[in-house]
Number of protein chains: 2
Amino acid sequence: MHTAAAHATKLELTKSQIVIAPQTAGLFRANSVTTFNAGAEIYAPGDKAGTFYHVEFGAVRIHRLLSDGRRQVIAFHLAGETFGFEADRTHSFFAEAIAPTGLRAINRAANDQALPELLSLALRGMLRAQEHIMMIGRQTAVERIAGFLVDMAERQGGLEHFDIPMTRLDIADYLGLTIETVSRVFAKLRAAGLIKLRSIRCIEIKKHEALRSLCA
Amino acid sequence: MHTAAAHATKLELTKSQIVIAPQTAGLFRANSVTTFNAGAEIYAPGDKAGTFYHVEFGAVRIHRLLSDGRRQVIAFHLAGETFGFEADRTHSFFAEAIAPTGLRAINRAANDQALPELLSLALRGMLRAQEHIMMIGRQTAVERIAGFLVDMAERQGGLEHFDIPMTRLDIADYLGLTIETVSRVFAKLRAAGLIKLRSIRCIEIKKHEALRSLCA
DNA sequence: CGATGCGTTGACCTGCGTCAAGACGAGTGG
DNA sequence: CCACTCGTCTTGACGCAGGTCAACGCATCG
């Protein structure tokens, strides 16, 4: 997280969001909340690992670049989720805020007693990655987008409409598609009356069951 | 592993491979070795989880089916590797032997003291899944196959030639391709002199660096 | 306002999937 | 030993889902 300071937020955040005193994120002994602007880097490949993060508000994108610039987004992490575990001493992906984001750092070394919780988080992360493999390995563009929307809806608590913090490019790179295909599929789902785009980043699911039935 | 008994091996296995006495697989308290024929199911989605497995010999395929029969192979596990952890109480994938295979079952509940090792295995599994996402999300058929071959070579100890236990269909379903594409890419790599097919399941890497340079 | 970044839409192209026809090799039985 | 079968693999011809290229709409911002 070497660029964190450089990207220090210029947003007006309420005092209540930037609590300084340590406090528990779940069962962990945690530190204070650090805020990041949209686009700010949290860590990069090669950075020392060992700290992980609880998203207090905002959203985070985990990704990696191929040498020629192709990008794969590995995961999104929304408010309430935890990320940043690594098998190795150093990180192997980029983590960036995709919206104004508050993170509570949790030091792994200081939480030896919480190993079972950590294991559970790691296993859940593995399962998520495996579901992601299913998604991009064998599903069509429509199936991927439908699955993505259903997943996002569920992770926001199942509301009938919700904001997505990521751009079309983020979605495309997450699903292994292009921005144009994402846009076209959105248009198709809208034309079919399954979703409504309240605004460019606010999605309303009109026919939940129909959308779910598109998921393979 | 409800079909284990039904599939009990008819192969002649040496006594030394079917040790009955408990013994440690790494740092774990483990049970005896069970053998499986090629194609035998080890567990299925919905089966009770909580036990994981150390591959003594042979190879295992983890996969899932979509409703219409499309299959995605999530992982292969070779001798010396460990698999079968789950985030939930039940398994969410199939595990099947793809060759005559010996597995040592390890009961998670009996290994609470080995939590750090378990965590490390889970994190490594997550990393592997994430690398897999990179592979199938953004890489071409040639890049995927090259990456697969390099990976297999490394996991067999970096020998200049090695057997692959899986069929072309397994490889295709692992890489999100079709069997025909896998076959064509193999032919292409062979024509370019990068690999040699000693037999249909025995691959010799002739130009290691060239092959590696094909990986994105 | 113009500029800049994101999103949409259309026309065209291509990498890989699909379909189809063998080839090869292991196993089986006569 | 050959003949036959069955599963796996290969190769070719063709088609299409999604990528590429290009033009334009639409906010936001200085």
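A note on names: the letters A, B, ... follow the listed sequences, proteins ahead of strands, and every chain is numbered from 1. When reading the values below, keep in mind they use all heavy atoms of this one structure, side chains included, and skip hydrogens, waters and symmetry mates.
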Let's see if you can work this out: which of [options] has an atom nearest to the side-chain heavy atoms of [X]?
X	options	value
B/R168	D/dC9, D/dG18, C/dT8	D/dC9
A/A187	C/dG17, C/dT9, D/dG18	C/dT9
B/S183	C/dG10, D/dT10, C/dG7	D/dT10
A/I200	D/dG18, C/dT18, C/dG7	C/dG7

For the pair made of [atom1] in [X] and [atom2] in [N], what is the distance, rounded to whole Å?
X	N	atom1	atom2	result
A/R201	D/dA27	CZ	P	14 Å
B/L177	C/dT18	CG	C1'	14 Å
A/K188	C/dT9	NZ	C1'	15 Å
B/I136	C/dC16	CD1	P	14 Å
A/D173	C/dG7	CG	C1'	15 Å
A/M166	C/dC6	CE	P	15 Å
A/R144	D/dG18	CZ	P	7 Å
A/I171	C/dC6	CD1	P	13 Å

Under a 4.0 Å N-O cut-off, is there an ion pair linking [X] with [Y]?
X	Y	answer
A/R70	B/E143	yes
B/E160	B/K206	no
B/D68	A/R138	no
B/R61	B/D173	no

For A/R138 and A/I179, find the nucleotide of DNA chain C closest to each by heavy atoms; which residue's nucleotide sits nearer the 5' end?
A/I179
No-H, no-angle donor-acceptor pair, B/R184 side chain to C/dG15 base, under 3.5 Å:
no
Look at the side chain of B/E180 and the base of C/dC16, then say whether one donor and one acceptor between them are separated by less than 3.5 Å.
no
Does C/dC16 have its OP1 or OP2 closer than 4.0 Å to a side-chain nitrogen or oxygen of B/T181?
no
Could you give me the CA-CA distance, side-chain angles and deciding distance for B/Y174 and B/H132, then say whether ring-ring contact (aromatic ring centres under 6.0 Å, His included) is met?
CA-CA 9 Å; B/Y174 177 70; B/H132 195 176; 4.2 Å; yes
